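Note that the structure is predicted; figures quoted are calculated from it, not measured.
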Amino acid sequence: MSLRPRLLALGLASTSSMVSAGPCDIYKSGGTPCIAAHSTTRALYNAYNGSLYQVKRGSDGATTNIAPLSDGGVANATAQDTFCVDTTCLITIIYDQSGRGNHLTQAPPGGFKGPESNGYDNLASAFGAPVSLNGQKAYGVFVSPGTGYRNNAVSGSAKGDAAEGMYAVLDGMHYNSACCFDYGNAETNNLDTGNGHMEAIYFGDSTHWGSGSGKGPWIMADLENGLFSGANPKQNTGDPSVSYRFLTALLKGGPNKWAMKGGNAASGSLSTYYNGVRPRASGYNPMKKEGAIILGIGGDNSNGAQGTFYEGVMTSGYPSDAIEDSVQANIVGAKYATTSSTSGPGLTVGSDISIRATTPGSTDRYLAHTGSTLNIQAVSSPSTTALKGQSTWTVRTGLGNGACFSFESKDTTGSYIRHNKFELQLGANDGSKIFKEDATFCLQAGLSGRGSSIRSWSYPTRYIRHYENKGYVASNSGVHMFDSATSFNSDVTWVIGSSFA
Ligand SMILES: *[C@@H]1O[C@H](CO)[C@@H](O)[C@H](O)[C@H]1NC(C)=O
Ligand SMILES: *[C@@H]1O[C@H](CO)[C@@H](O)[C@H](O)[C@H]1NC(C)=O
């Protein structure tokens, strides 16, 4: 392709009429067009004004599509907020903007089954990953363990040893070590069909297969039966641990070559973490790519991982470095930034509060603990000092995410409300990543139209709920008894007031 793509890429950066070119306009100019373009936050072509994603609300099961505010623009978050007011909302479809119809929908069961009763994976909450782009609010896709999207009938994707490129913009602070938070090319039958049958971006701190330098998390390539950081199947110390809040992760692969890059999606340029031959292990050269697209899961539907996806594309052909530099410049130009994760009535860090139920028949009950069990108990001014202490919570900055909150027990200092297998417990902060995440909650306006609802940070489809007087994090119509749709909005709506103790 000689110098043409490079010259075009330079032209994109300097010609004012092309400054607004989206990532897929840039890839197209390099002769490596997007065959899929997925984003809930913005259009990835400068002329795109179709739907970005579909949400489904819990109140009546209705769906609506969310489009950009303008051609090539940021998603209309107000449209989601309006449609989803006073109810739960799930992201049901992430539309493909390429025109090929390669949309991502709820991942079906595979080698691993999803947590839904039919074995499908969960859908992501539409509220889990608020973000701003150039000052405008949008929502990413917050993948909790058990969540996944897939398309097994993709048009135009790379198969066999054919070349492809891809990138994703992720939350570099949201990850775990389970398999596998992926975006990219995978098997078409949801099963592990062998080495070299996948080529997907992985992000997390798994050390089960390969790893990079430091403690992670790392960008790696999931090529099936292995997460690879370079040619050595075990380790490439050139693949650094990354800690950007907004992370650009980039992968491309062709006949006996592949490259992996990363960078800060909010500033600066990409760094190459690997560029060379296929891993020195059997089955990865030539590749046997199948061409499905996955998000949030492994090729066999392994669904234990977590992460947040804002945007990503898959290309046909091996994009040039110059084109990828232009794409990174475009991503930086989108101005990803954090935004408040709290809506509705505020909370003051350091204050002591009570949390009162609003369900008719339980309105004299407050969220309290008996030992390590969380429950709701009737509390009033004549109550014992002990009970007043058990129902008093000190608001702390979220242990797992500073945009949200944690609730420390007044009478058991150092212990916090956390969820464990979706039951609420009072637990001593052991400093672990999982404890901090499970003890972090985000506030939003109460789903029954008053007060507050208290969303789990790590499972944003789930809210603090009382059910048969015990405390849970419950999803609306999920698979557990305590997920019952009956009285859901009331049971997850609380009045936060001054404390008894
Ligand atoms: C979307 O773009 C097409 C093609 O440019 C244009 O005809 C159409 O009016 C646009 N739609 C909206 C809602 O802006
Ligand atoms: C965004 O959505 C709101 C609510 O549905 C709607 O009123 C508004 O017109 C939309 N804005 C644009 C620019 O389409």
Indicate yes or no for a side-chain donor-acceptor contact from [X] to the backbone of [Y] under 3.5 Å, with no hydrogens or angles considered.
| X | Y | result |
| --- | --- | --- |
| N151 | H103 | yes |
| N102 | A36 | no |
| S432 | F435 | yes |
| S406 | A439 | yes |
| T358 | S490 | yes |
| R356 | T363 | yes |
| Q136 | V74 | no |
| Q97 | R42 | yes |
| T392 | A501 | yes |
| N176 | G304 | yes |

Going through the distances and angles, do Y167 and I331 end up as a side chain to side chain contact (heavy atoms under 4.5 Å, CB included)? CA-CA 11 Å; Y167 82 83; I331 294 165; 3.5 Å; yes

Does the side chain of [X] come under 3.5 Å of the side chain of [Y] through a donor N or O and an acceptor N or O?
| X | Y | result |
| --- | --- | --- |
| D86 | N489 | no |
| N375 | Q377 | yes |
| Y459 | N122 | no |

Kindly write out the residues that satisfy ring pair (Phe, Tyr, Trp, His ring centres under 6.0 Å) with [X], not counting sequence neighbours, or none if the list is empty.
| X | result |
| --- | --- |
| Y463 | none |
| Y336 | F246, Y310 |
| H466 | W494 |

Which atom pair, heavy atoms only, marks the closest approach of [X] to [Y]?
| X | Y | result |
| --- | --- | --- |
| I496 | L347 | CG2-CD2, 3.7 Å |
| S39 | I94 | N-CG2, 4.0 Å |
| R150 | A186 | NH2-CB, 4.1 Å |
| S213 | P240 | OG-CA, 3.5 Å |
| S51 | N65 | OG-CB, 3.2 Å |
| P115 | G146 | CD-O, 3.4 Å |

Would you say the side chain of [Y] lies within less than 4.5 Å of the side chain of [X], judging by non-hydrogen atoms?
| X | Y | result |
| --- | --- | --- |
| Y27 | C34 | yes |
| H419 | S456 | yes |
| T461 | L90 | yes |
| Q306 | S144 | no |
| T41 | V169 | no |
| F127 | Q80 | yes |
| T373 | K470 | yes |
| L227 | W218 | no |

Could you check, using the six-membered ring where one of them is a Trp, whether W457 and F142 have ring centers closer than 6.0 angstrom? yes

Determine whether the aromatic ring centres of F482 and Y472 lie less than 6.0 Å apart.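 Between Y472 and F482, which both carry aromatic rings, the centre distance is below 6.0 Å.
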
CA sep, side-chain torsions, deciding dist, call: S453, T493, side chain to side chain contact (heavy atoms under 4.5 Å, CB included): CA-CA 5 Å; S453 287; T493 298; 3.8 Å; yes

Please walk me through it: do H174 and N401 pass side-chain hydrogen bond (donor to acceptor under 3.5 Å, both in side chains)? CA-CA 10 Å; H174 186 206; N401 186 299; over 6 Å; no

I would like to know whether V55 and T64 meet side chain to side chain contact (heavy atoms under 4.5 Å, CB included); could you show each step before the answer? CA-CA 6 Å; V55 294; T64 197; 3.8 Å; yes

Can you tell me how far apart [atom1] ([X]) and [atom2] ([Y]) are? Round to the nearest 0.5 Å.
| X | Y | atom1 | atom2 | value |
| --- | --- | --- | --- | --- |
| H38 | M314 | NE2 | CE | 8.5 Å |
| Y139 | L52 | OH | CG | 14.5 Å |
| L295 | D182 | CG | CG | 9.0 Å |
| L426 | S415 | CG | OG | 4.5 Å |
| L104 | I93 | CG | CD1 | 10.0 Å |
| K261 | L251 | NZ | CG | 11.0 Å |

Passes side-chain hydrogen bond (donor to acceptor under 3.5 Å, both in side chains), S499 versus D352? Steps please. CA-CA 6 Å; S499 66; D352 289 342; 4.7 Å; no

On the six-membered ring of F422, is R462 placed so that its NZ or CZ lies under 6.0 angstrom from the centre and within 45° of the ring axis? yes

Charged N to carboxylate O under 4.0 angstrom, D81 versus K137?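 Salt bridge between D81 and K137, a charged N being under 4.0 Å from a carboxylate O: yes.
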
Please determine whether the number of non-hydrogen atoms from other residues, nucleotides or ligands lying under 6.0 Å from atom NZ of K410 exceeds 12. no

Assess whether side-chain hydrogen bond (donor to acceptor under 3.5 Å, both in side chains) is satisfied between Q54 and T92, documenting all intermediate values. CA-CA 6 Å; Q54 183 194 68; T92 35; 2.7 Å; yes

Going through the checks in order, is the side chain to side chain contact (heavy atoms under 4.5 Å, CB included) test met by L247 and I219? CA-CA 10 Å; L247 173 70; I219 300 167; 4.1 Å; yes

